[in-house]
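Right, one structure below, let's go through it.
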Amino acid sequence: KQKQIINFGAGPAKLPQSVLIQAQKELLDYNGVGVSVLEMSHRSSDFIKIINKTENILRELLNIPTNYKVMFLQGGGTGQFSAVPLNLIGLKEDRCADYLVTGTWSQKAAEEAEKYGKVNIVHPKLDTYTKIPDPSSWTLNPSASYVYYCCNETVHGVEYNFIPETNGVVLVSDMSSNFLSRPVDVSKFGLIFAGAQKNVGCAGVTVVIVREDLLGHALKECPIVLDYKVQVKSNSLYNTPPCYSIYIMGMVLEWIKNNGGSAAMETLNKQKSSMIYDIINNSNGFYVCPVDVDCRSHMNVPFRIGKKEGDETLEKEFLDGASKRGMISLKGHRSVGGIRASLYNAVTLEDTEALADYMKEFLKEHV
Ligand code: PMP
């Protein structure tokens, strides 16, 4: 039976219904093994098959070149804010890294990196996280160990629609909230990481894709669980991995594959986000999205209601009405307020239409 609730949460977020049903079916007895994946040794042949299958589908979906390694780690995106500098800032003697800070998540990553080396913010500081500074204003350090950016800022709804040019310096990207929402040329990156709990699974596992030649440069104080070389060498099984989350991810990846892969996800995601942005653009300022048009996220659509800085009474009324219609988790991040509709892969066109219809109705009632 189709669920009555539509979840627009920013993560953990909606999962494909078919994946939940499959997980339910297999909860007590996985594939006739007689135990649940929740109870299985991470060293059992059954679990090894699960983790290998998950990696293989991921490689296929993103066309990951053979000189890239894949890890399934714990510690979330936040763990990677530390792991990236701990493993990569020592690539060059100077221990400098370039950061693009376009929202909360890249800001946190930059602050964490400062513990381990010198951080250079490559562009003039932004007053508001509503834009991506033009590359002509960036001052990249040619001897930086790496250049870091967050491909989609989940809180502010700011997404890169281009890959930064680093002139040969290793490029690192946090793709937590737009991973597999569109195709990506992995070969342009030194490292990509993404927490699973938005587009590719449930909380607990973070995917890291790293170019082989970047391994082996960890600082000596790097905790062993965060050491990429150690984790790669043991196939993410140095210690107990987040087994169940890896299993769920495998099923979500299979679902993406069966639904046309990353290119099909992109088409659908563009259709969904345009539906909402069109309403905002045509509302005569009733709905306001503060983000520059060319970097508006296809994943997280933030907007205010009533006026530019938001009319909180109207916004509360909007959220209450949405909730009565079964649409939940539309409240903006506590740091910015307003509304945020997250439209990850598992959110359907029909789900988005329900929101669009409600937005049109709410507009009509109030102007
Ligand atoms: N990066 C991005 C882009 C995120 O959206 C988030 C979480 N919402 C994080 C990093 C942090 O992830 P975690 O909570 O898994 O540490």
Side-chain angles (χ1 to χ4, degrees), residues 7-15 71-88 97 99-113 115 126 129-132 146-161 163-164 171-182 184 189 191-209 223 225-226 236 241-242 244-246 248-249 252 269 273 291 295-302 329-337 340-347:
N7 180 3
F8 291 102
K14 185 179 177 183
L15 286 164
M71 290 171 267
F72 300 102
L73 304 180
Q74 307 205 42
T78 308
Q80 292 309 307
F81 297 167
S82 322
V84 164
L86 280 162
N87 283 276
L88 303 183
Y99 276 73
L100 289 149
V101 175
T102 52
T104 301
W105 295 113
S106 47
Q107 186 187 327
K108 286 187 185 228
E111 283 164 9
E112 184 61 18
K115 294 181 184 169
L126 299 172
Y129 291 137
T130 53
K131 56 167 90 51
I132 292 170
Y146 60 87
V147 177
Y148 179 105
Y149 77 107
C150 176
C151 197
N152 182 66
E153 287 284 0
T154 321
V155 172
H156 300 89
V158 172
E159 184 173 20
Y160 285 72
N161 63 14
I163 298 178
L171 183 61
V172 174
S173 187
D174 173 1
M175 296 194 184
S176 292
S177 52
N178 65 354
F179 193 60
L180 275 165
S181 68
R182 63 186 199 192
V184 58
F189 294 84
L191 184 141
I192 292 170
F193 72 85
Q197 68 268 29
K198 294 146 198 310
N199 268 318
V200 288
C202 64
V205 63
T206 304
V207 185
V208 180
I209 303 170
V225 285
L226 296 182
S236 308
Y244 199 77
S245 306
I246 292 170
I248 295 285
M249 190 195 284
V252 175
N269 289 329
S273 57
V291 180
C295 58
R296 286 185 175 178
S297 171
H298 296 293
M299 297 280 96
N300 314 96
V301 181
S329 298
L330 281 163
K331 200 170 179 351
H333 190 269
R334 59 190 188 281
S335 63
V336 293
R340 172 177 52 175
S342 295
L343 307 173
Y344 299 124
N345 289 345
V347 173

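Along the sequence shown, residues carry numbers from 1. Start at 1 and go down the list; that is how both ligands and their atoms are numbered.
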In chain order, what residues pass the ring pair (Phe, Tyr, Trp, His ring centres under 6.0 Å) check against Phe8, with sequence neighbours excluded? none

Taking only residues at least two apart or on different chains, which pairs with a member in residues 196-207 satisfy salt bridge (Lys or Arg N to Asp or Glu O under 4.0 Å)? none

Assess the side chains of Asn300 and Tyr344: does a donor N or O sit below 3.5 Å from an acceptor N or O? yes

Distance alone, cut at 3.5 Å: any donor-acceptor contact between the side chains of Asn199 and Asn178? no

Please indicate whether Lys108 has more than 12 foreign heavy atoms, meaning atoms of other residues, nucleotides or ligands, lying under 6.0 Å from its NZ. no

The side chain to side chain contact (heavy atoms under 4.5 Å, CB included) partners of Gln107 (sequence neighbours excluded) come to Val101, Glu111, Tyr129

Sorted by chain and residue number, the residues with a non-hydrogen atom under 4.0 Å of ligand 1 are Gly76, Gly77, Thr78, Phe81, Trp105, Cys150, Asn152, Thr154, Asp174, Ser176, Ser177, Gln197, Lys198

